[in-house]
Amino acid sequence: MSARRKPFPFDEFESKWQGRWEEEKAFRTPGPGDEDFDASKPTFYALDMFPYPSGSGLHVGHPEGYTATDIVARYKRKKGFNVLHPMGWDAFGLPAEEHARKTGEHPRINTKNNIDNFRRQLQMLGFCYDWDREVNTTDPEYVKWTQWIFLQIYNSYFDEDAQQAKPVSELEAKGWSKEQIDEVRLAYVAGAPVNWSPDLGTVLANEEVAEWEAKGYTVERRPLQQWMLRITKYAQRLIDELDDLDWPEGIKMLQRNWIGRSDGASVKFSLAPSANSEALIEVFTTRPDTLFGATYMVLAPEHPLVDEITTADQKDAVVNYQKSCATKSEMERGELNKGKSGVATGAHAINPVNAEEIPIWIADYVMMGYGTGAIMAVPAHDTRDYEFAEKFSLPILQVVEAPEGEDWQGFTGNGSAMNSGSLDGLSTPEAKKTITAWLQENDRGEAQINYKLRDWLFSRQRYWGEPFPITWKDGRHFAIAEDELPLLAPELEDYNPTGDPEPLLSKASEWVNLPDGSRRETNTMPQWAGSCWYYLRYCDPGNLEQLLSSEAQDYWLGDPGGVDLYIGGTEHAVLHLLYARFWHKVLNDLGHLKMREPFQKLVNQGLIMGETEYATFRDGEGSLVSFKSVAETPQGFVLKGTSTPLSKEVLSGEEVTKKGDHFVLADNPSIRVREKAEKMSKSRGNVVNPDDVVNAYGADALRLYLMFMGPLEQSAPWNTNGVDGISRFLARVWRVAMEQNQEGEWVRSAKLVEEAPGKDLLKIVHASIKKVGEDIERLRFNTAISQMMECTNAFTSAKQIPLTLFENLLSLLNPFAPHLTEELWERLGRKGRCMDRAWPSYDESALVENEIEMVVQVNGKVRSKIKIAAESPQSDIEAAAHADGNVQVHLEGKTVRKVIVVPGRLVNIVAN
RNA sequence: GCCGCCGUGGCGGAAUUGGCAGACGCUGCGGACUUAAAAUCCGCUUCCGGCAACGGAGUGGGGGUUCGAGUCCCCCCGGCGGCACCA
């Protein structure tokens, strides 16, 4: 990419315009309170998922989504909207802390360097962010409000009747004690088994475990005191309130799945008389209708009743089994799920519906964390119970009739009940209702709803995160005063982990121990905290008194409510998007926010995959050669288009055969052909660096190419030839207006004229205004670009180009290629900036044709095309169709049964 | 296993939502310009037959609805993503 000649001087003008935009604050967005604020303008909020500023800089995936929002933002601005289009940094995070650990340097320094690099890269791409609104989650002013929100959560509880959060001060007023209140806060401390990673020196949320385990870190279960947020109270609202959002169905589904509602019943089992205990074992089941088929019970190995009920002769076996389970991580439990394991406790329970004594087992296929940590096992109609019963020879009793031809053993579908007393003959849903009512009447259980969602484990043992605004005294926690915020972490001598679950901050004893004898909380918040509310801060970033002013909120987030367009990757489908919704709802309940949901419209961009090389192998001289295409011919597969020159006599045009998913050259087994694109990764060596692309092709070309790859939501492989194609397109636009003189300088093209436009050019320009506008609204940037290509091709082949028409094309192209269009705008002597020019309007009458072409089909097959006046009556159209020579050939010897005329499109003559 | 998304040329993808399948771009082939190359411009490029006119086949496979299906319905096959002993 070094000495490539520039087809147009983007390298000169792109940085020029970037400098000017910055100088002139071209992207500044006035808001409520600013002198130049115009409240009458409609608003549009186009939001990107802000990046974690990693040391490796921007990846091409970032500018994909960012270009999309940038185009929409620039388009909406031209349409007269006041557009909020901000950028910031999710800057707390483990890598900066790792760096600090190695260098002894404060993470703030490394973070700042990375941010500067990211900002440079983003500015290089010409995004129209209002940099005055930049936020950084590590700024003390930002941390202050993150901690403030935590205190709001800490100081509230969930009112079940109202289904919303309320301040705990209401409970105080009712005379509740601090102890009682601490039990119901939305932020609470619990001693529970958590995911502790010795390698990372921190505890992880359930949601994070898989990600780190996949990276090779070990994660253990350990009982620790941790801060939790009561997100489970919002489970139902988080499901229900998804309905009205304009989000991809798939993402809604992922969230619903993650929350995992299931409807069923609780059932209480008492112990057999021999146990000599009044204890009840409660289970949750989605199939109460199969209660008669419950032939044994299973408790999770950690279930609190296990010790009490285990009989003397089973004690050793049970204790051993519990020990072996305790050392297994979630991951190992998962891997070992091929075979079931378990041990009988020796105890028995009584099935409430038929008074049968059934054995109680413990097994690790029952999780303590879901439901009650105990199940009734119905081996006939549950796959897992069936497998377990088979292995340990437990009785299997059919209680649901399976359809003809299906084995009843392990049948989990609906059917009619049998062997179930009064339920016999009832359909599964009816049986569920009947038995649930019976359980309730007899105080043996009730209808119940269960969620997979667990409370959010909110504390970390890291340094580089927000400290909790909490102190401890006499074993109780207290909020610090709001005017003490932000509470910042002290500098440390070194950032090495303590090696045990003791947080890093506990090293700073002066900071930790307060004069009154209380101690500061030493945990910090997870990285999610800052990203949960950044979209709010952009609305009013400099506000020292409030999170955001009421005016800013009304103006930016008012009608229709929330962020208008939020674009980002699917990787945040559950975590970030669920957490942010949760915080938003709490703040809404407490009256700090006015709308229920933060993000009205969400779009997930697809992945950009690595460039596909169809064939890679060594040629006769031993150098690596790649082919760009493989053609399938009747003779076999033929390689075409080498990426590097190759000794032609060796391999060009050589035939290869297909073996599995790759191609093999008969006498050269080292040849390999990849058919599928792979994810970009350092290890595969297929990462595309935006800096390189901008150097070789310019920022506009990169922006256009990213948008031209295909629909935004879809993944597609990178293709350098495609970038060349886009670059050629931009060069053609350039050459419509510019030509080189004898000295090689670019001067205004002689083809540009001031005359009135002719019909053909007028038509394609107006069609383009219409289509490009509609396509931007639908986020179909690829087709908008093809339309502009067609328009440009029409200009290229025209002898004269009316300036007024070319101006329109520049205006359409401006949101996509802001530098090129601005440069041409200036060189053509137009006033002001191209970006400030209103979006052109189109004239419907310019689109109408006098004469149209219609397709003529005979029995549904295209046989001819006729040209006919646009307003022709149906009879004329039919007559013209019948008169066509080829049509007559195909009608010969047939009788016309029916003629269908679709105005402006086609005629179909049905004949036999 | 369950849930979700998706299957269109050599490739990325279009197709006004039931109306000309393959727009636009890439690749490839041919041509013009050039001493030559690059760049640029022009033509062809779904497959089969044909010099052509044209004909036939064709949107993962099979069936159906319809004058007409890439698009709607049913069944099957394949790929991708998520969850995964969730009772």
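Pair assignment for B:U46: B:A57, on the basis of Watson-Crick or G-U wobble contacts that are both within less than 3.5 Å. As the counterpart of B:G19, B:C67 is assigned, both hydrogen-bonding distances of the Watson-Crick or G-U wobble pattern falling under 3.5 Å. The base-pairing partner of B:G4, taking Watson-Crick or G-U wobble contacts with both distances under 3.5 Å, is B:C80. Both distances falling under 3.5 Å, in either a Watson-Crick or a G-U wobble arrangement, occur for no nucleotide opposite B:A39. Taking a pair to require two hydrogen-bonding distances under 3.5 Å in either a Watson-Crick or a G-U wobble arrangement, B:C24 pairs with B:G12.
Here A:H890 lies in heavy-atom contact (under 4.0 Å) with sugar-phosphate atoms only. A:S262 comes within contact range of the sugar-phosphate backbone alone, with a heavy-atom separation under 4.0 Å but no base atom that close. Within 4.0 Å (heavy atoms only), A:G260 reaches no atom of the nucleic acid at all. Across all strands shown, A:V902 has heavy atoms under 4.0 Å from base atoms, whether or not it also approaches the sugar-phosphate. Within the 4.0 angstrom heavy-atom criterion, only backbone atoms of the sugar-phosphate kind lie near A:R735; the bases stay farther away. Using a 4.0 Å heavy-atom distance criterion, A:N719 is classed as a sugar-phosphate-only contact.
Distance, A:R261 CZ to B:C3 P: 18 Å, rounded to whole Å. Atom CG of A:N782 and atom C1' of B:C26 are 14 Å apart (whole Å).
On the C1' atoms, B:U71 is 12 Å away from B:U8, given to the nearest whole Å. For the P atoms, the distance linking B:C54 with B:U34 amounts to 37 Å, nearest Å. Of the C1' atoms belonging to B:U17 and B:C72, the separation is 11 Å, rounded to the nearest Å. Here the separation of B:G1 from B:G61, taken at their C1' atoms, is 25 Å to the nearest Å. For B:G12 and B:U27, the P atoms lie 15 Å apart once the distance is rounded to whole Å.
The listed nucleotides are B:C85, B:G13, B:U27; the one nearest the side chain of A:A716 is B:G13. Ranking B:U27, B:A87, B:C67 by closeness to the A:K898 side chain, first place goes to B:C67. When distances are taken from the side chain of A:L906 to each of B:C67, B:G19, B:U27, the shortest belongs to B:G19. Nearest to the side chain of A:N257, among B:U40, B:C3, B:G13, sits B:C3.
The existence of a salt bridge linking A:E849 and A:K763 is confirmed by a sub-4.0 Å separation between a basic side-chain nitrogen and an acidic carboxylate oxygen.
At B:G55, one or more side-chain N or O atoms of A:R863 fall inside 4.0 Å of OP1 or OP2 (strictly under the cut-off). An OP1 or OP2 oxygen of B:C26 is reached within less than 4.0 angstrom by a side-chain nitrogen or oxygen of A:R728.
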> Given A:N450 and A:R261, is the side chain to side chain donor-acceptor pair (under 3.5 Å) satisfied, shown in steps?
Replying inline: CA-CA 6 Å; A:N450 241 299; A:R261 173 183 165 131; over 6 Å; no

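Along RNA chain B, the nucleotide closest to A:K861 and the one closest to A:Q857 are compared, and the more 5′ of them pairs with A:Q857. Remark on RNA chain B: of its neighbouring residues A:N793 and A:R780, the 5'-side contact belongs to A:R780, judged by nearest-heavy-atom nucleotide.
No more than 12 heavy-atom neighbours from other residues, nucleotides or ligands sit within 6.0 angstrom of CD on A:E892.
Checking A:N604, A:V603, A:L706, A:N782 one by one against A:L712, the side-chain contact (heavy atoms from CB on, under 4.5 Å) holds for a single residue, A:V603.
For the pair A:K340 and A:F388, the cation-pi test (distance below 6.0 Å, angle within 45°) is failed.
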